[in-house]
2 protein chains.
Amino acid sequence: MNFSALHQQVKQQTDASLLQLIEELPDYAPSLKAAMRHALLAGGKRMRPLLVHVVGNTLDVPKKDQIAISMAIECVHAYSLVHDDLPAMDDDDLRRGMPTCHIAFDEATAILAGDALQTLGFSILADSPMSEYGDAHRAKLLSILAKSAGYLGMCGGQAIDLASTGKTIDIEALKTLHTLKTGALLRACVEMIATVCSTLDKEAETDLMLFANNIGLAFQVQDDILDVEGSNESLGKPAGSDEALGKNTFPAKLGLSGAKDELATLHENALQALARLPYNTDSLIAFSELLVKRDH
Amino acid sequence: MNFSALHQQVKQQTDASLLQLIEELPDYAPSLKAAMRHALLAGGKRMRPLLVHVVGNTLDVPKKDQIAISMAIECVHAYSLVHDDLPAMDDDDLRRGMPTCHIAFDEATAILAGDALQTLGFSILADSPMSEYGDAHRAKLLSILAKSAGYLGMCGGQAIDLASTGKTIDIEALKTLHTLKTGALLRACVEMIATVCSTLDKEAETDLMLFANNIGLAFQVQDDILDVEGSNESLGKPAGSDEALGKNTFPAKLGLSGAKDELATLHENALQALARLPYNTDSLIAFSELLVKRDH
């Protein structure tokens with residue numbers, strides 16, 4: 001299967017599994033259920049599930065472990081987008097060309113939907129069928145998910161982002177911000193797969209995590225570049241919104257060309273880490289290419 | 001130790017442990033850290049930690065398992081209060097006589113603090129030191145916490161509450177609402193302790209959960225009664241706010257005297273379940289008394 005077909009397959013499988021999960025919930029809170037469905041199924045690129053499956057296939061991790069991990073991560077990612085879009089946060093009306101959750105429903109429902117989606121991520125990881133080896137490592141997986149999502153990861157990064165918006169921060173602080181805000185959850189995709197791989201040696205794990213750290217930051221640099229260069233149509237949201245909000249970004253800090261150099265360096269670091277791995281890393285290389293060359 | 005001294009001890013231990021946990025977080029997001037501290041340490045009664053310790057002592061569960069469970073539960077409870085108080089939800093400015101989180105900080109920080117506190121609850125349960133038996137049952141504990149906090153528990157109840165505010169619902173729907181919104185997390189305290197008790201037989205577990213279900217609902221009935229009968233001073237927030245908000249409550253549904261009858265029935269059911277347990281249940285009886293006779 002070529003990489004683009006794999007991405008399509010992961011997207012379809014993730015959409016179908018998440019839809020089923022939501023449909024199975026009882027109907028006693030129909031607005032909340034609909035808002036959770038909206039947030040989970042509004043056309044995401046499923047980059048995190050793709051990363052989980054690509055790393056999982058490379059390390060020969062059982063499919064059901066890959067599925068549990070990717071669904072849990074995607075729920076946490078979806079919750080973060082719902083809350084980031086709220087009026088008190090980034091106040092975005094559109095995401096992926098669709099009304100954001102608080103626009104499609106209301107603010108209270110969007111807050112609750114985000115809350116319940118975060119919980120759902122932990123539920124999935126605690127309860128989904130996994131391999132025997134995966135099952136024995138569930139608590140560790142839950143620990144990684146929590147660490148990457150909370151103050152030590154995504155929430156901490158978002159708080160630094162809020163606090164530094166409209167102010168000038170240095171490039172190291174900007175890297176810390178994005179390493180936490182975007183990088184932590186991407187890193188968790190790789191770390192969780194590494195956790196359920198029974199054959200990974202220490203050295204390979206180190207290189208794999210180096211790959212994860214570099215693509216995690218590269219993802220955000222490319223996001224910042226797209227916000228400058230992209231069109232409203234390709235992005236599915238207004239381009240230039242970072243600048244309008246006074247956000248600290250890599251192009252604002254380094255210039256557009258400096259940001260592209262930074263992206264190229266991160267990409268190169270990721271590829272060098274992959275080159276040292278004792279696996280066929282073709283699909284990991286393809287993932288890195290997709291990440292730095294995407295137009296939305 | 002008498003029951004009131006035990007409650008004081010649990011309160012002090014919980015406050016100290018939670019404070020330490022927050023202080024140990026790095027300082028890169030100082031507002032978020034301060035908001036989490038505010039939310040966790042603004043004078044809660046620590047009824048859930050008390051319940052965990054009372055049931056844990058009764059079943060002879062190791063102290064460190066009790067501590068991990070009670071701290072995790074309290075983080076999830078604190079997050080729910082922060083989000084419930086938001087302008088888009090109940091729009092409360094005061095809680096326990098103190099400014100609510102979005103008043104003391106701002107709305108964005110309060111949303112994030114709630115988010116990060118939910119995650120912290122899962123982190124604690126995934127990472128805190130536990131007994132060997134507790135450690136072997138971590139994934140189950142995390143599953144119980146997630147189920148009680150999410151759509152199938154607290155978030156679902158809150159969504160029903162939002163959807164039914166200003167409308168008339170029947171008594172069964174009101175019970176479902178509160179069984180989820182308030183009861184689920186109280187029930188989880190007992191269920192988690194039962195999970196890490198290596199000696200509990202099936203019959204005793206059934207009675208223990210019957211006790212938990214009844215006190216879970218009783219807690220909310222008493223809350224509703226206090227909102228009618230209590231003073232601003234004893235409650236630390238404006239009395240009568242349920243009626244002002246058009247909330248469905250037990251007194252609104254059954255009259256004040258009917259609500260008190262309901263409370264007495266639930267209390268009696270809880271005591272009957274306790275009477276069947278092969279343990280010294282004095283402190284569980286005292287907990288039930290405290291719950292139905294508290295004035296705030």
Side-chain angles (χ1 to χ4, degrees), chain A residues 25-26 28-33 35-36 76 79-80 83 86-89 102 106-127 135 138-147 149-160 162-163 173 176-177 180, chain B residues 25-26 28-33 35-36 76 79-80 83 86-89 102 106-127 135 138-147 149-160 162-163 173 176-177 180:
Chain A
L25 295 174
Y28 48 59
S31 296
L32 176 56
K33 187 168 162 173
M36 291 168 75
V76 170
Y79 120 69
S80 77
H83 282 190
L86 285 168
M89 300 275 208
H102 64 279
D106 58 40
E107 222 179 303
T109 306
I111 294 167
L112 262 182
D115 290 344
L117 284 172
Q118 174 169 196
T119 327
L120 186 59
F122 288 100
S123 255
I124 291 168
L125 213 47
D127 297 330
D135 192 38
R138 262 186 218 277
K140 174 70 180 160
L141 295 178
L142 286 151
S143 165
I144 294 168
L145 183 64
K147 192 170 173 187
Y151 185 95
L152 298 174
M154 196 176 66
C155 283
Q158 173 71 356
I160 299 175
L162 284 174
T176 302
L177 189 173
L180 295 171
Chain B
L25 294 175
Y28 48 59
S31 296
L32 176 56
K33 187 168 162 173
M36 290 167 76
V76 170
Y79 120 69
S80 76
H83 282 190
L86 286 168
M89 301 274 207
H102 64 279
D106 58 39
E107 222 179 303
T109 306
I111 294 168
L112 261 182
D115 290 343
L117 284 171
Q118 174 169 198
T119 326
L120 186 59
F122 288 101
S123 255
I124 292 169
L125 213 47
D127 297 330
D135 192 38
R138 262 186 218 276
K140 174 71 179 160
L141 295 179
L142 285 152
S143 165
I144 294 168
L145 183 64
K147 192 172 173 186
Y151 185 95
L152 298 175
M154 195 176 67
C155 283
Q158 173 71 356
I160 299 175
L162 283 174
T176 302
L177 190 174
L180 296 171

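Naming convention: chains lettered A, B, ... in sequence-line order (proteins, then strands); numbering from 1 in each chain. Given the structure is predicted, the values throughout are model-derived calculations rather than measurements.
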Specify which of A113(B), A163(B), G150(B) makes the most heavy-atom pairs with chain A at under 4.5 Å. G150(B)
Proximity breakdown for M36(A) and chain B, heavy-atom pairs closer than 4.5 Å: side chain
Given a strict heavy-atom distance threshold of 4.5 Å, which part of A139(A) is in contact with chain B: side chain, backbone, both, or neither? both
If you tally heavy-atom pairs under 4.5 Å between each of S143(B), P30(B), A110(B), A35(B) and chain A, the highest tally belongs to S143(B)
Residue that, paired with F122(B), satisfies side chain to side chain contact (heavy atoms under 4.5 Å, CB included) out of L145(A), L125(A), T119(A): T119(A)
Could you look at K140(A) and say if it's the side chain, the backbone, both or neither that has a heavy atom under 4.5 Å from chain B? neither
Under a 4.5 Å cutoff for heavy-atom pairs, which residue among R138(A), K147(A), K33(A) has the most contacts with chain B? K33(A)
Could you check which of G121(A), S31(A), A108(A) has the highest count of heavy-atom pairs closer than 4.5 Å to chain B? A108(A)
Side chain / backbone / both / neither for L86(A) at chain B, heavy atoms under 4.5 Å: side chain
So which part of S123(A) gets closer than 4.5 Å to some heavy atom of chain B, the side chain, the backbone, both or neither? both
Check each atom of L142(A) against the heavy atoms of chain B and say whether the ones under 4.5 Å are side chain, backbone, both or neither. both
Rounded distance (nearest 0.5 Å) linking atom CD1 of I111(A) with atom CD of E107(B): 7.0 Å
Is there a donor-acceptor pair closer than 3.5 Å between any side-chain N or O of Y151(A) and the backbone N or O of P26(B)? yes
Backbone N or O of D115(A) within a donor-acceptor pair of the Q118(B) side chain at under 3.5 Å? yes
Pick whichever of G153(A), A126(A), G157(A), A146(A) has the most heavy-atom pairs under 4.5 Å with chain B. A146(A)
Which heavy atom in A29(A) sits nearest to a heavy atom in A159(B), and how many Å separate them? CB-CB, 3.7 Å
Can you give me the closest heavy-atom contact between Y28(B) and I160(A), atom names plus distance? O-CG1, 3.5 Å
For S80(A), all residues meeting side chain to side chain donor-acceptor pair (under 3.5 Å), sequence neighbours excluded: none
From L112(A) CG over to M154(B) CE, what is the distance, rounded to the nearest 0.5 angstrom? 9.0 Å
Turns out that what part of L180(B) lies under 4.5 Å from chain A's heavy atoms comes down to side chain
Let's test your reading of the structure: which of L25(A), D127(A), T109(A), I124(A) forms the most heavy-atom pairs below 4.5 Å with chain B? L25(A)
Quick one: SG on C155(B) to CG on L120(A), what's the gap to the nearest 0.5 Å? 10.5 Å
